[in-house]
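Notes for the one structure printed next.
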Amino acid sequence: MRRHWLFTGLLLLASLTVRAGELKIQDVFKQMPNSVLPTLSENNRLDMLDFMASKMKAEVTNRLGGKSEMTVLTDTTLTIRMSEALQVEMLLLKPEDAAGADSQVICLIETFGRDSLSLDSQVRFFTISWEKLNNPPQLSVSDQNTISSKKVLTILKRDEEILKKN
(Lines give C-alpha, C1' and ligand atoms only; values in the text may rest on other atoms or scores of the structure.)
Protein backbone atom coordinates (compact mmCIF):
# COMPACT_ATOMS: atom_id res chain seq x y z
CA MET A 1 0.00 0.00 0.00
CA ARG A 2 2.87 2.33 0.80
CA ARG A 3 4.36 1.73 -2.63
CA HIS A 4 1.05 2.68 -4.23
CA TRP A 5 0.94 6.02 -2.38
CA LEU A 6 4.61 6.68 -3.10
CA PHE A 7 4.11 5.94 -6.81
CA THR A 8 0.98 8.16 -6.92
CA GLY A 9 2.86 10.96 -5.18
CA LEU A 10 5.76 10.74 -7.63
CA LEU A 11 3.36 10.83 -10.59
CA LEU A 12 1.63 13.89 -9.15
CA LEU A 13 4.96 15.63 -8.57
CA ALA A 14 6.11 14.84 -12.11
CA SER A 15 2.88 16.22 -13.62
CA LEU A 16 3.18 19.40 -11.55
CA THR A 17 6.78 19.85 -12.71
CA VAL A 18 5.73 19.50 -16.36
CA ARG A 19 2.82 21.90 -15.85
CA ALA A 20 5.12 24.42 -14.16
CA GLY A 21 7.19 24.42 -17.36
CA GLU A 22 4.23 25.65 -19.43
CA LEU A 23 4.76 29.30 -20.19
CA LYS A 24 1.96 31.83 -20.61
CA ILE A 25 1.98 35.15 -22.45
CA GLN A 26 1.51 36.92 -19.10
CA ASP A 27 4.87 35.56 -17.94
CA VAL A 28 6.82 36.87 -20.92
CA PHE A 29 4.90 40.17 -20.90
CA LYS A 30 5.98 40.78 -17.29
CA GLN A 31 9.60 40.14 -18.24
CA MET A 32 9.55 42.25 -21.41
CA PRO A 33 12.33 44.85 -21.46
CA ASN A 34 11.24 48.48 -21.67
CA SER A 35 13.12 48.81 -24.96
CA VAL A 36 10.56 46.62 -26.79
CA LEU A 37 7.60 48.91 -25.99
CA PRO A 38 9.16 51.99 -24.39
CA THR A 39 5.79 53.73 -23.99
CA LEU A 40 4.80 51.23 -21.26
CA SER A 41 6.65 51.01 -17.97
CA GLU A 42 6.96 47.76 -16.05
CA ASN A 43 4.31 49.06 -13.61
CA ASN A 44 1.98 49.81 -16.55
CA ARG A 45 2.35 46.22 -17.76
CA LEU A 46 1.76 44.74 -14.31
CA ASP A 47 -1.26 47.00 -13.74
CA MET A 48 -2.77 45.90 -17.06
CA LEU A 49 -2.43 42.24 -16.11
CA ASP A 50 -3.93 42.87 -12.67
CA PHE A 51 -6.86 44.80 -14.16
CA MET A 52 -7.57 42.03 -16.68
CA ALA A 53 -7.42 39.39 -13.92
CA SER A 54 -9.93 41.47 -11.94
CA LYS A 55 -12.21 41.80 -15.00
CA MET A 56 -11.71 45.57 -14.97
CA LYS A 57 -10.95 47.91 -17.86
CA ALA A 58 -7.18 47.49 -18.31
CA GLU A 59 -6.36 51.10 -19.18
CA VAL A 60 -3.24 52.86 -17.90
CA THR A 61 -1.60 56.24 -18.39
CA ASN A 62 1.54 55.51 -20.38
CA ARG A 63 4.92 57.27 -20.25
CA LEU A 64 3.81 59.80 -22.87
CA GLY A 65 0.78 60.81 -20.81
CA GLY A 66 -1.66 59.07 -23.16
CA LYS A 67 -3.96 56.13 -22.50
CA SER A 68 -3.04 52.54 -23.38
CA GLU A 69 -5.49 49.67 -22.93
CA MET A 70 -5.09 45.90 -22.96
CA THR A 71 -8.16 44.57 -24.74
CA VAL A 72 -7.42 40.85 -25.11
CA LEU A 73 -5.61 38.43 -22.81
CA THR A 74 -5.48 34.65 -23.13
CA ASP A 75 -2.75 32.17 -22.23
CA THR A 76 -1.10 32.63 -25.64
CA THR A 77 -2.20 36.05 -26.94
CA LEU A 78 -2.62 39.62 -25.82
CA THR A 79 -3.65 42.80 -27.58
CA ILE A 80 -2.94 46.36 -26.47
CA ARG A 81 -4.27 49.55 -27.99
CA MET A 82 -1.20 51.64 -27.29
CA SER A 83 -2.71 54.83 -28.76
CA GLU A 84 -5.15 55.86 -31.47
CA ALA A 85 -2.42 55.14 -34.01
CA LEU A 86 -0.82 51.93 -32.68
CA GLN A 87 -2.11 48.49 -31.76
CA VAL A 88 0.22 45.76 -30.51
CA GLU A 89 -0.52 42.04 -30.56
CA MET A 90 1.69 39.45 -28.91
CA LEU A 91 1.46 35.76 -29.69
CA LEU A 92 3.26 32.98 -27.84
CA LEU A 93 4.08 30.34 -30.47
CA LYS A 94 5.87 27.03 -30.59
CA PRO A 95 8.04 26.42 -33.67
CA GLU A 96 7.52 23.07 -35.39
CA ASP A 97 10.94 21.74 -34.37
CA ALA A 98 10.63 22.95 -30.77
CA ALA A 99 10.78 20.85 -27.63
CA GLY A 100 9.91 22.27 -24.21
CA ALA A 101 8.76 25.70 -23.01
CA ASP A 102 12.23 27.19 -23.60
CA SER A 103 11.79 26.78 -27.33
CA GLN A 104 8.65 28.91 -27.59
CA VAL A 105 8.89 32.20 -29.46
CA ILE A 106 7.12 35.53 -29.17
CA CYS A 107 5.57 37.10 -32.23
CA LEU A 108 5.03 40.85 -31.87
CA ILE A 109 2.73 42.46 -34.44
CA GLU A 110 2.60 46.25 -34.39
CA THR A 111 -0.10 47.87 -36.54
CA PHE A 112 0.38 51.57 -37.22
CA GLY A 113 -2.15 54.03 -38.63
CA ARG A 114 -5.26 55.98 -37.76
CA ASP A 115 -7.66 54.80 -40.45
CA SER A 116 -8.09 51.61 -42.40
CA LEU A 117 -6.71 53.20 -45.56
CA SER A 118 -3.27 53.85 -44.12
CA LEU A 119 -2.58 50.91 -41.82
CA ASP A 120 0.76 49.15 -41.85
CA SER A 121 1.87 46.11 -39.85
CA GLN A 122 5.34 45.16 -38.69
CA VAL A 123 6.09 41.65 -37.41
CA ARG A 124 9.04 40.85 -35.15
CA PHE A 125 10.03 37.60 -33.45
CA PHE A 126 11.78 37.15 -30.11
CA THR A 127 12.92 34.29 -27.90
CA ILE A 128 11.09 33.97 -24.59
CA SER A 129 14.01 35.81 -23.00
CA TRP A 130 13.35 38.72 -25.40
CA GLU A 131 16.33 38.27 -27.69
CA LYS A 132 15.41 39.43 -31.20
CA LEU A 133 15.37 36.70 -33.85
CA ASN A 134 16.80 37.87 -37.15
CA ASN A 135 15.10 35.08 -39.10
CA PRO A 136 11.49 33.99 -38.58
CA PRO A 137 11.17 30.57 -36.94
CA GLN A 138 9.68 27.58 -38.75
CA LEU A 139 6.02 27.77 -37.66
CA SER A 140 3.07 25.51 -38.29
CA VAL A 141 0.74 26.38 -41.13
CA SER A 142 -1.90 27.31 -38.55
CA ASP A 143 0.43 29.79 -36.82
CA GLN A 144 1.54 31.23 -40.17
CA ASN A 145 -2.11 31.71 -41.13
CA THR A 146 -2.85 33.43 -37.82
CA ILE A 147 -0.03 35.92 -38.36
CA SER A 148 -0.99 36.47 -42.00
CA SER A 149 -4.64 37.05 -41.11
CA LYS A 150 -3.68 39.80 -38.69
CA LYS A 151 -1.70 41.53 -41.44
CA VAL A 152 -4.28 40.88 -44.20
CA LEU A 153 -7.05 42.28 -42.03
CA THR A 154 -5.75 45.78 -42.60
CA ILE A 155 -5.82 45.26 -46.39
CA LEU A 156 -9.37 43.93 -46.19
CA LYS A 157 -10.47 46.96 -44.19
CA ARG A 158 -8.90 49.25 -46.78
CA ASP A 159 -10.67 47.46 -49.64
CA GLU A 160 -13.96 47.56 -47.73
CA GLU A 161 -13.67 51.34 -47.27
CA ILE A 162 -12.90 51.84 -50.96
CA LEU A 163 -15.95 49.79 -51.94
CA LYS A 164 -18.18 51.77 -49.59
CA LYS A 165 -17.09 55.06 -51.18
CA ASN A 166 -17.80 53.83 -54.71
Problem set entry | CZ-CG distance between Phe125 and Asn135, expressed to the nearest 0.5 angstrom | 10.5 Å
Problem set entry | Side-chain donor/acceptor of Thr127 to backbone N/O of Glu131, under 3.5 Å | yes
Exercise. Passes side chain to side chain contact (heavy atoms under 4.5 Å, CB included), Leu108 versus Val123? Steps please.
Worked result: CA-CA 6 Å; Leu108 185 72; Val123 178; over 6 Å; no
Problem set entry | Shortest non-hydrogen contact from Leu139 toward Pro95 | CD2-CA, 4.1 Å
Exercise. In terms of hydrophobic clustering (I, L, V, M, F, W, Y; side-chain heavy atoms under 4.5 Å; direct or indirect links), are Ile80 and Met56 co-clustered?
Worked result: yes
Exercise. When Met32 is tested against each of Asn34, Val28, Val36 for side chain to side chain contact (heavy atoms under 4.5 Å, CB included), which residue passes?
Worked result: Val36
Exercise. So do Thr77 and Ile25 actually touch side chain to side chain, heavy atoms under 4.5 Å?
Worked result: no
Exercise. If we only count heavy atoms from C-beta on, is the Leu133 to Val105 side-chain gap below 4.5 Å?
Worked result: yes
For this session: Report whether Trp130 and Ile128 are members of the same hydrophobic cluster (ILVMFWY, side-chain heavy atoms less than 4.5 Å apart, transitive linking).
Result: yes
Exercise. Less than 4.0 Å between a side-chain N and a carboxylate O, is that true for Glu110 and Arg124?
Worked result: yes
Problem set entry | Sub-4.5 Å side-chain heavy-atom contact between Leu73 and Leu49 | yes
Seminar exercise, completed: Only residue of Thr39, Asn44, Asn43 satisfying side-chain hydrogen bond (donor to acceptor under 3.5 Å, both in side chains) with Ser41 is Asn44
Exercise. Can you tell which of Asp47, Leu46, Asn62 makes a side chain to side chain contact (heavy atoms under 4.5 Å, CB included) with Leu40?
Worked result: Asn62
Exercise. Going by atom types alone, do Ser121 and Thr111 pair a side-chain donor with an acceptor below 3.5 Å?
Worked result: yes
Exercise. Just wondering, do Gln104 and Leu93 contact through their side chains at under 4.5 Å, heavy atoms?
Worked result: no
Seminar exercise, completed: CE of Met48 to NZ of Lys57, rounded to nearest 0.5 Å, is 11.0 Å
Exercise. Would you say Met90 and Ile106 make side-chain contact, with heavy atoms under 4.5 Å?
Worked result: yes
For this session: Apply side-chain contact (heavy atoms from CB on, under 4.5 Å) to Arg81 and list each qualifying residue two or more places apart in sequence or on a separate chain.
Result: Glu59, Glu69
Seminar exercise, completed: Correct closest heavy-atom pair for Ala58 and Phe51 would be CA-CB, 3.6 Å
Problem set entry | Backbone N/O of Thr76 and side chain of Thr74: donor-acceptor pair under 3.5 Å | yes
Exercise. Among Asp75, Leu92, Leu78, which residue meets the side chain to side chain contact (heavy atoms under 4.5 Å, CB included) test with Gln26?
Worked result: Asp75
Exercise. What heavy-atom pair brings Phe29 and Arg45 nearest, and what distance separates the two atoms?
Worked result: O-NE, 3.1 Å
For this session: Step by step, work out the side chain to side chain contact (heavy atoms under 4.5 Å, CB included) result for Ile109 and Gln122.
Result: CA-CA 6 Å; Ile109 304 168; Gln122 176 184 349; over 6 Å; no
Seminar exercise, completed: Heavy-atom nearest pair, Pro38 first then Ser35, reads CD-O, 3.7 Å
For this session: Under the side-chain contact (heavy atoms from CB on, under 4.5 Å) rule, collect the residues that match up with Glu84, sequence neighbours excluded.
Result: Arg114
